[in-house]
Every structure is written in C-alpha cells, then in structure tokens.
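These numbers were taken from a predicted model, which means no experiment stands behind them.
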Amino acid sequence: MRIDLHTHSTASDGTQSPTELVEEAKASGLGMVALTDHDTTSGWEEAVAAAVRTGIRLVRGIEISCSRNHRSIHLLGYLPNPDDPRLVVELARSRDSRVTRMDRMIERMAADGIPVSVQEVRAQLAPGATLGRPHLADALVAKGIVADRDEAFRDLLHDGSRYYVGHYAPDPVTAIGIVRAAGGVPVLAHPFAMRMASVSDELVEELAAAGLAGLEAHHRDHEPADVERAVRLAQRHDLVVTGSSDYHGAGKLNRLGEHTTQPRQWSRIVEQSSGVKVVQP
Ligand code: AMP
Ligand code: FE
Ligand code: FE
Ligand code: ZN
C-alpha cells in the first residue's frame, strides 16, 4: 500500500477542495492519504465524507506552524482529537495572528507602491481556511503583478523580504505537548529544508525527549544528504521515518505520492495515537 502522509487543501494553502484532493489521491493509486492543512482541522469533515465515498483510507492530521528563535518549524500532528481545548485554543491563536500579520504585510507593500487590498486577498480564501502568504501571492497573480506563487515568493514574500511579517506560533516543545495531550502523534515536517535551517541535531534530540514521534525524511525539499541525516537521527533517537509529498495542488510543483511512507513506519505512528481513528472505506 502506498501512503502519503502530508497534503494540503483549500482549508489552508492547497488549491483543491478536500473532496477533490481525496478523489485525486484515490485516482493516483494511493491506499492511504493524510490531510494536514496548516493550523486547522476545518477540512476534515468534507475529507471524511469523500474518503468513505471513494474508498481510500484517510488520516486526519494538521501541520502546526511553530517558531524557535524567529525561525519557522513545521510540526505534523496525526490523529489528534480536534476538540481538545488546548489544541483548539492554540490553533485559533495562530490563525487570528495570521490575520493581523497579513494586514501589516499589505500595509508595507502599499507603502512601497504595490497596491493589493485585504479584500483582494480574502477573495482567494475558502470560508474557514487558514490565511497565509500563498493567498497574498494568489491576489498578486490575479492583479498581474507576478506570474505565479513561485515568483511571488521569490521576489516579494520570502522570509527575508522587507514585506515579511511573522505571526504568533508556539515553540515546537509546546506544540508537541499539545498534540500528545490530544492523543495525536507529532512528526517533524521537512526538518532540513533550506527554510528550516534552524533544526540542528541538538534540537532534534531536545524534541525527541519532549515526545516527538518521527521525522519526515523523504521530501522534495531534502537533498540526499538531508535524507541520510534524518534517517541517522531517527535511528539514534528511536523515531519513526516518514516520506510524503506535501502536495498543494497547483500551488506548488509537488505531486501526490512523489514520496511515500513505509507501512511498517505508519504502524508505529498509528499505535501511538488515541485521538481519532483512521477513516476506513
Ligand atoms: P505562511 O504560513 O503564511 O508564512 O506561508 C508559508 C507557506 O507558503 C508554506 O506553507 C508553503 O507551503 C508556502 N510556500 C512557501 N514558498 C512557496 C513557493 N515558492 N511557492 C508556493 N508556496 C510556497
Ligand atoms: Fe503550505
Ligand atoms: Fe510545511
Ligand atoms: Zn506542508
């Protein structure tokens, strides 16, 4: 069975609805797919209905934006109870902060003669979805200011840009504790991607001690040396090794199932979970 444990829908910055995503996962021959939208579980309900209808195993997950020393770290959480009060509060705090952060990015761009309005960005967002830079990119594309999301990030929206503003994000140790307390299983997403340069061997050790369950080793943003490093650290700290596409529909080059997770590794994750169950067709 082919298993892809990291995808995004229009509930965050993917371009396909949860239904379209699940249908494409089935059509592409995956036996199991995880929906892991940024800082929200709002796509779950629709994805569950689609999974039952199309006949594919669905893992309900999230990707929590975390921060340490002003550097961004992404934590995947598999099968947490979505009604856990601390999880609900933490995700809402992040999403709220993303709204004011977007206002400030728009102000900075306006001051520099790049006219884009809050309404134009909002028009790119599905109801209840997590607002992010990709939606600002989409608004810039719609206005003909850039050709695509890639150009928007390269020229205007990257982390080092003068228009970049951060948002509230928990420390990864806090987020690991919250995911575990909600019965979920925390896995560090693409730890050695260039933009995640903050993740040192020491931080992996610290997070493992705090309850981290796994490392996403096989990922488009990892060079072969990064994959080796992740596998080596996973062995050292007895962590699960995953591989995933981080699919965003048309929003990124990543294709569904381009990296997958071994069923044996998935078993190690699911046996640690107690929040919600895998949706079986
Ligand atoms: P934010 O969470 O609002 O700071 O935005 C970060 C998101 O932007 C990440 O989830 C990525 O999926 C997305 N992203 C980063 N670089 C690019 C890119 N070059 N093209 C499309 N999406 C990107
Ligand atoms: Fe994303
Ligand atoms: Fe990520
Ligand atoms: Zn992702």
Side-chain angles (χ1 to χ4, degrees), residues 1-8 12-14 25 28-38 57-68 71-80 171-173 175-176 179-180 184-248 252-273 278:
M1 178 175 63
R2 294 176 66 239
I3 302 172
D4 189 340
L5 289 180
H6 185 167
T7 72
H8 297 266
S12 63
D13 58 353
S28 70
L30 291 171
M32 181 185 285
V33 66
L35 177 67
T36 54
D37 277 305
H38 298 288
R57 294 176 183 81
L58 174 75
V59 177
R60 287 169 278 184
I62 41 175
E63 185 176 17
I64 303 181
S65 307
C66 303
S67 170
R68 168 75 67 95
R71 306 297 280 274
S72 174
I73 293 168
H74 286 178
L75 184 76
L76 295 158
Y78 294 114
L79 305 169
D171 186 87
V173 167
I176 286 168
V179 168
R180 284 287 192 187
V185 185
V187 171
L188 204 53
H190 43 72
F192 308 128
M194 285 273 273
R195 62 200 145 86
M196 305 280 147
S198 56
V199 180
S200 61
D201 287 11
E202 291 69 32
L203 182 56
V204 171
E205 183 175 8
E206 180 189 343
L207 299 182
L212 184 69
L215 296 177
E216 188 179 61
H218 306 282
H219 185 283
R220 171 181 286 259
D221 296 347
H222 280 175
E223 301 294 331
D226 300 322
V227 177
E228 275 175 39
R229 185 179 163 206
V231 170
R232 185 162 33 81
L233 284 169
Q235 275 165 355
R236 187 185 301 165
H237 302 297
D238 195 25
L239 299 169
V240 177
V241 169
T242 69
S244 339
S245 67
D246 204 354
Y247 184 58
H248 283 69
K252 276 185 162 183
L253 294 173
N254 313 32
R255 294 298 95 195
L256 261 183
E258 67 177 27
H259 292 288
T260 54
T261 297
Q262 295 296 326
R264 245 170 31 87
Q265 299 292 317
W266 168 249
S267 310
R268 292 178 64 193
I269 294 178
V270 75
E271 69 195 14
Q272 295 178 44
S273 69
V278 176

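Residue pairs meeting the salt bridge (Lys or Arg N to Asp or Glu O under 4.0 Å) criterion with at least one partner in residues 222-233, sequence neighbours excluded, are D201-R229. Residue pairs satisfying the salt bridge (Lys or Arg N to Asp or Glu O under 4.0 Å) criterion with at least one member in residues 259-271, sequence neighbours excluded, are listed as follows: D238-R268.
Atoms OG1 and CD1, from T261 and I269 in turn, are 6.5 Å apart once rounded to the nearest 0.5 Å. Note that CD1 of I73 is 6.5 Å distant from CZ of R68, once rounded to the nearest 0.5 Å. Rounding to the nearest 0.5 Å gives a distance of 10.5 Å between CG of L188 and CG of L233. Here CG of L75 is found 5.0 Å from SG of C66. Values are rounded to the nearest 0.5 Å. Taking OG1 of T260 as the start and CG of L30 as the end, the distance is 8.0 Å to the nearest 0.5 Å.
Between the S12 side chain and the H38 main chain, a donor and an acceptor come within less than 3.5 Å of each other. When atom types are taken as modelled, the side chain of T36 and the backbone of T7 share a donor-acceptor pair closer than 3.5 angstrom. Of the possible donor and acceptor atoms, none in the side chain of S244 sits under 3.5 Å from a partner among the backbone N and O of D246. Between the side chain of Y247 and the backbone N or O of E258 there is no donor-acceptor pair closer than 3.5 Å. Side-chain atoms of R60 never come within 3.5 Å of backbone atoms of L58 as a donor-acceptor pair (strictly under, hydrogens ignored). Listed for the H237 side chain is no donor-acceptor partner under 3.5 Å among the backbone atoms of L239. In terms of modelled atom types and a separation under 3.5 Å, the side chain of D4 and the main chain of G257 share a donor-acceptor contact.
Between A213 and V185, the closest heavy-atom pair is CB-CG1, 3.4 Å. Of all heavy-atom pairs between H8 and H6, the closest is NE2-NE2, 3.2 Å. P191 approaches L215 most closely through the heavy-atom pair CG-CD2, 4.4 Å. Closest heavy-atom contact between V199 and F192: O-CE2, 3.6 Å. The minimum heavy-atom distance linking P186 with L212 is given by the pair O-CD1, 3.4 Å. Nearest heavy-atom pair across L207 and P172 is CD2-CB, 3.8 Å.
Take R57 and apply the side chain to side chain donor-acceptor pair (under 3.5 Å) test, not counting sequence neighbours, and it matches Q280. Contacts of Q262 classified as side chain to side chain donor-acceptor pair (under 3.5 Å), with partners at least two apart in sequence or in another chain: none. For S67, the side-chain contact (heavy atoms from CB on, under 4.5 Å) test picks out A169, with sequence neighbours left out. Q272 is linked by a side chain to side chain donor-acceptor pair (under 3.5 Å) to R180, counting only residues two or more places apart in sequence or in another chain.
No close placement of the H259 and H222 rings is indicated, their centers lying 6.0 Å or farther apart.
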Exercise. Can you list the steps and then say if H74 with I64 is a side chain to side chain contact (heavy atoms under 4.5 Å, CB included)?
Worked result: CA-CA 6 Å; H74 286 178; I64 303 181; over 6 Å; no

For this session: Apply side chain to side chain contact (heavy atoms under 4.5 Å, CB included) to the pair E63 and D37, showing each step before the final yes or no.
Result: CA-CA 6 Å; E63 185 176 17; D37 277 305; over 6 Å; no

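Considering only heavy atoms from C-beta on, V59 comes within 4.5 Å of W266 through its side chain. Between Q265 and T242, every side-chain heavy-atom pair lies at or beyond the 4.5 Å cut-off. Side-chain contact between P224 and V227: absent, with no pair of heavy atoms (C-beta onward) separated by less than 4.5 Å.
Of the N and O atoms on the side chains of N254 and H248, not one donor lies less than 3.5 Å from an acceptor on the other residue. Between the side chains of H190 and E216, no donor N or O sits under 3.5 Å from an acceptor N or O.
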